[in-house]
There are 2 protein chains.
Amino acid sequence: MSKMHAAAPLTPLFISVFRLNGALIAAGDRLVADLDLTSARWQVLGVVANVPAPLSVASIARTIGLTRQGVRGVTAELVASGLVEFKPNPHHRRAQLVVLTDKGREVEHAARRRQIPWATALGKGLKPRHIEEAAMLLQTVLARLERHSDTQKDEL
Amino acid sequence: MSKMHAAAPLTPLFISVFRLNGALIAAGDRLVADLDLTSARWQVLGVVANVPAPLSVASIARTIGLTRQGVRGVTAELVASGLVEFKPNPHHRRAQLVVLTDKGREVEHAARRRQIPWATALGKGLKPRHIEEAAMLLQTVLARLERHSDTQKDEL
DNA sequence: TACAGTATGACAATATATTGTCAATTGGTA
DNA sequence: TACCAATTGACAATATATTGTCATACTGTA
């Protein structure tokens with residue numbers, strides 16, 4: 001007889017995702033602030049540094065699930081800071097490729113050297129299998145969301 | 001002898017959190033767009049609607065893990081849209097309480113009626129126990145992050 | 001009471017990210 | 001070739017969220 005509507009099981013998980021997203025961005029900002037980086041810039045820099053072959057701005061955007069425009073702005077900042085630069089793309093005159101500068105390589109290494117022990121400490125005592133299972137669950141939901149949005153809109 | 005640095009087990013989970021956060025906000029925006037809501041406004045409206053006793057803007061911010069200022073702006077929009085209003089707070093002249101209007105109650109109900117089947121469909125086939133375990137893991141990491149940031153800064 | 005510390009809302013500046021629009025580029029096809 | 005659809009980067013407008021600063025309001029304590 002209750003008028004309460006039972007929330008879907010995923011709802012508390014989603015709330016945790018929102019909060020964790022904000023907390024991670026804030027923690028990342030603090031972690032690399034003195035390297036002239038932010039979480040947003042670090043994320044793009046990390047893709048450029050770790051991808052097997054150079055990507056265009058639009059490709060980077062697809063890789064990290066942001067829009068072209070957002071990545072475009074961050075990349076422009078990274079160019080202004082001398083961390084990445086554009087290289088002509090022999091297959092597409094318009095879509096130049098983003099590559100690391102020497103300075104960008106150094107900064108990315110410095111950020112990664114901090115990130116690894118930081119994230120390791122954060123996961124201390126958590127079973128790797130549980131972490132993997134949680135990540136897989138999020139991936140499953142993400143795939144469903146993105147598949148469904150594909151049927152509604154062209155651009156991510 | 002490899003120069004590769006093993007990433008922490010949490011790293012892939014964090015990447016999923018970033019992407020899922022963005023996808024959920026986009027999906028929420030679409031879900032309630034015609035109600036004159038967005039994900040941000042919906043989140044604040046949901047707190048106001050489901051809390052046992054009215055809260056101030058600052059209390060709402062603590063509840064959802066955003067800053068006072070962000071919630072302040074969203075709340076002002078909700079007031080402008082006639083979904084919530086301020087009520088004098090007998091215990092604090094400055095910190096007025098945010099309460100639903102009749103229209104706000106209707107809109108929040110309409111949003112919830114859509115959200116529940118949407119989230120249920122999204123979780124179809126996933127075991128509730130797995131979802132709960134994932135949510136608990138995120139909560140654990142979140143608690144560690146927020147505890148650590150407390151030692152560094154006053155305000156969330 | 002008086003005062004110090006804290007909480008709160010207002011305001012401004014900035015960072016992040018999306019949406020919409022446009023022209024240039026590319027690839028496929030009639 | 002000529003045309004059409006999709007991709008891409010540029011630009012503008014807007015939404016979201018943080019940080020910093022300030023005056024006001026409350027709380028506890030001397």
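Residue numbers begin at 1 in each chain, while the letters A, B, ... track the order of the sequences. From a predicted model like this one, the values you see are computed outputs, not experimental measurements.
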Salt bridge check, A/Arg114 against A/Asp34: does any charged N sit closer than 4.0 Å to a carboxylate O?
yes

In whole angstroms, how far is the [atom2] atom of [N] from the [atom1] atom of [X]?
X	N	atom1	atom2	answer
B/Leu55	C/dG9	CG	P	11 Å
A/Gln69	D/dA10	CD	C1'	8 Å
B/Arg30	C/dT19	CZ	C1'	13 Å

Toward the 5' end of DNA chain D, by each residue's nearest nucleotide, B/His91 or A/Ala26
A/Ala26

Phosphate-side-chain proximity, [X] and [N], N/O vs OP1/OP2 below 4.0 Å:
X	N	answer
B/Thr38	D/dT16	yes
B/Arg94	C/dT6	no
A/Thr67	C/dT18	yes
A/Arg62	D/dT8	yes
B/Arg93	D/dC26	yes

Answer yes or no: is there a side-chain heavy-atom contact under 4.5 Å between B/Val47 and B/Val71?
no

May I ask you to test the B/Lys87-B/Pro54 pair for a side-chain heavy-atom distance under 4.5 Å?
yes

When the nearest nucleotide of DNA chain C is assigned to A/Pro90 and to A/Ala40 on a heavy-atom basis, which residue is associated with the more 5' position?
A/Ala40

On DNA chain C, nearest-nucleotide positions of B/Ser59 versus A/His92: which is more 5'?
B/Ser59

Those residues of residues 70-80 of chain A lying under 4.0 Å from DNA chain C by at least one heavy atom
A/Gly70, A/Glu77

Is there a chain of hydrophobic side chains (I, L, V, M, F, W, Y, each step under 4.5 Å between heavy atoms) that links [X] to [Y]?
X	Y	result
A/Leu35	A/Leu45	yes
A/Met136	A/Leu138	no
B/Ile15	B/Val141	no
A/Val51	A/Leu100	yes

Choose from C/dA17, D/dT8, C/dG9 the nucleotide whose nearest atom is closest to any side-chain atom of B/Ala58.
C/dG9

With sugar-phosphate meaning primed atoms plus P, OP1 and OP2, does A/Ser56 contact a base, only sugar-phosphate, or nothing at under 4.0 Å between heavy atoms?
sugar-phosphate

